[in-house]
Colleague: 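Just dropping this structure here.
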Amino acid sequence: MMQRARHLGIGIFTTLAVFGSLSQAPAADEERFEVSSIKAIRPTLVDTIAALQQRDVARAKAAFEAYDSGWNGIEVYINIRSKDMYQLLELDFQARITKALDGPNPNIPALLADAQAMLAKFDETVGMVEKAAPLNPLYDDVARLRIVRAHLREVNPALNAGNIAKANKSFEDFQDTWFNIEDFVRARSFDAYVVIERGTVQIDQALMAGKPDVAAVTALVNRVMSQYNAVVTEVQKEARVRQ
């Protein structure tokens, strides 16, 4: 399939190292995927704090947007482990910090205090997860699907903001990581797989235009997302039944 080289080489080896086979049990001396994937987004909170300490609101906003994207991949774990912690992190801290960063005159000392408190609670959550028994392996499949999807979710907002470079980068990241879960999706729903594969080619071609048609790309992304979401929902329902 002709896509923009799919970043073969370093991209494949990186994503293979991260994803491996879906639901594959870790070796005795390896961290569970649940733990490692949650820890993987911690640096975005650290970057947010560092930017706020330097009073760089633009960089803090970019770092926190990266956190939000990463969180979307792994939040299913937190929601299952502790609804109280999930609500604290997402509906309290995250909502308040996002609103403040989007405002015209952010209160940096208040933002910094919130971000530092959020990081402390995030670390507390990691500790809780590390000590807990493993969840149903299907939750790892859900998380892997959501982690890959997070890149695609970034495309339309970037396009609507006029940030074509970010839209392209996010889509390339989606292509790189899709490579490692496409067989799983195909096994779950061949129809969804076909729509996603075809849509990926069409999005790739549309984004390579000098000035992409935002409305057309948005529609293509939404079509792919709809099929992808259906697979995520199916696996998540099955995980809950088996838990």
Side-chain angles (χ1 to χ4, degrees), residues 1 3-20 22 33-34 36-45 47-48 61-77 90 94 98 140-186 188 192-193 195-208 212 214 216-233 235-236:
M1 179 170 293
Q3 297 182 12
R4 66 182 90 182
R6 277 195 167 181
H7 293 260
L8 293 174
I10 202 165
I12 286 180
F13 287 116
T14 299
T15 50
L16 281 174
V18 172
F19 290 99
L22 295 189
F33 180 76
E34 177 186 5
S36 63
S37 61
I38 294 172
K39 285 183 176 180
I41 71 169
R42 185 182 190 276
T44 59
L45 282 178
D47 290 345
T48 302
K61 186 173 180 179
F64 203 65
E65 286 175 353
Y67 167 81
D68 177 59
S69 187
W71 170 260
N72 186 263
I74 58 87
E75 64 178 302
V76 62
Y77 288 129
E90 175 159 328
Q94 186 174 347
T98 298
D140 290 339
D141 293 340
V142 173
R144 287 181 170 95
L145 288 166
R146 291 176 65 101
I147 288 168
V148 173
R149 186 185 64 180
H151 300 301
L152 189 62
R153 290 177 76 249
E154 297 171 352
V155 175
N156 284 351
L159 282 175
N160 291 328
N163 193 339
I164 307 302
K166 178 172 174 54
N168 272 282
K169 176 62 168 59
S170 294
F171 185 66
E172 289 168 2
D173 289 342
F174 171 73
Q175 286 180 300
D176 288 344
T177 48
W178 164 251
F179 178 84
N180 292 287
I181 64 161
E182 60 181 316
D183 287 344
F184 178 83
V185 172
R186 179 180 177 132
R188 283 279 171 171
Y193 166 80
V195 172
I196 294 168
E197 280 284 290
R198 287 177 178 166
T200 298
V201 173
Q202 293 170 329
I203 295 166
D204 185 65
Q205 292 171 340
L207 284 174
M208 283 194 292
V214 173
V217 176
T218 298
L220 288 169
V221 170
N222 287 342
R223 178 169 170 77
V224 169
M225 190 75 75
S226 176
Q227 294 296 314
Y228 197 109
N229 287 345
V231 175
V232 174
T233 299
V235 179
Q236 191 158 312

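Scope of the values below: all heavy atoms of this structure, side chains included, with no hydrogens, waters or symmetry mates.
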Colleague: When you compare the side chains of Tyr193 and Asp183, does any donor N or O come within less than 3.5 Å of an acceptor on the partner?
Modeller: no

Colleague: Say you draw a straight line from CD of Glu90 to OG1 of Thr98; how long is it, rounded to the nearest 0.5 Å?
Modeller: 9.5 Å

Colleague: Any side-chain to backbone donor/acceptor pair from Ser36 onto Phe33? Under 3.5 Å, distance only.
Modeller: yes

Colleague: Can you measure from CD1 (Ile181) to CD1 (Ile196) and round to the nearest 0.5 angstrom?
Modeller: 7.5 Å

Colleague: Check whether more than 12 heavy atoms from other residues, nucleotides or ligands sit under 6.0 Å from atom CZ of Arg188, and answer yes or no.
Modeller: yes

Colleague: Considering non-hydrogen atoms only, spot the tightest contact between Phe64 and Thr48 and give its length.
Modeller: N-OG1, 3.4 Å

Colleague: If you measure from CD1 on Ile41 to CG on Asn72, what distance do you get to the nearest 0.5 Å?
Modeller: 10.0 Å

Colleague: Go through the steps to decide whether Arg149 and Leu145 satisfy the test side chain to side chain contact (heavy atoms under 4.5 Å, CB included), and finish with yes or no.
Modeller: CA-CA 6 Å; Arg149 186 185 64 180; Leu145 288 166; over 6 Å; no

Colleague: Is there a side chain to side chain contact (heavy atoms under 4.5 Å, CB included) between Phe174 and Thr200 once you walk through the steps?
Modeller: CA-CA 9 Å; Phe174 171 73; Thr200 298; 3.9 Å; yes

Colleague: Give every donor-acceptor pair under 3.5 Å between a side-chain atom in residues 154-166 and any protein atom, sequence neighbours left out.
Modeller:
| residue | atom | partner | partner atom | Å |
| --- | --- | --- | --- | --- |
| Glu154 | OE1 | Ser170 | OG | 2.6 |
| Glu154 | OE2 | Ser69 | OG | 2.5 |
| Asn156 | ND2 | Asn222 | OD1 | 3.2 |
| Asn160 | ND2 | Asn156 | O | 3.2 |
| Asn163 | OD1 | Lys166 | N | 3.0 |

Colleague: Tell me yes or no: between the side chains of Asn180 and Arg144, is some donor less than 3.5 Å from an acceptor?
Modeller: no

Colleague: So Val221 and Ile203, do their side chains get closer than 4.5 Å, heavy atoms only?
Modeller: yes

Colleague: In terms of relative ring orientation, are Tyr228 and Trp178 parallel, tilted or perpendicular, with 30° and 60° separating the classes?
Modeller: tilted

Colleague: Of the non-hydrogen atoms in Val231 and Ala192, which two are nearest, and what is the gap between them?
Modeller: CG2-CB, 3.9 Å

Colleague: State plainly whether the residues Arg186 and Glu197 are in salt-bridge range, i.e. N to O under 4.0 Å.
Modeller: no

Colleague: Would you compute the distance between atom CD of Glu65 and atom OG1 of Thr44 and round it to the nearest 0.5 angstrom?
Modeller: 11.5 Å

Colleague: Let me see the working for Phe171 and Gln175 under side chain to side chain contact (heavy atoms under 4.5 Å, CB included), right down to the final yes or no.
Modeller: CA-CA 6 Å; Phe171 185 66; Gln175 286 180 300; 3.5 Å; yes

Colleague: Looking at CD of Gln236 and CG of Asp141, how far apart are the two atoms once the value is rounded to the nearest 0.5 Å?
Modeller: 11.5 Å

Colleague: Can you measure from CG (Asp176) to CD (Glu172) and round to the nearest 0.5 angstrom?
Modeller: 7.5 Å

Colleague: For residues Val224 and Val195, report the shortest heavy-atom separation together with the two atoms involved.
Modeller: CG2-O, 4.2 Å

Colleague: Start with the C-alpha gap between Arg146 and Ile74, add the side-chain angles, then the distance that decides, and say whether side chain to side chain contact (heavy atoms under 4.5 Å, CB included) holds.
Modeller: CA-CA 7 Å; Arg146 291 176 65 101; Ile74 58 87; over 6 Å; no

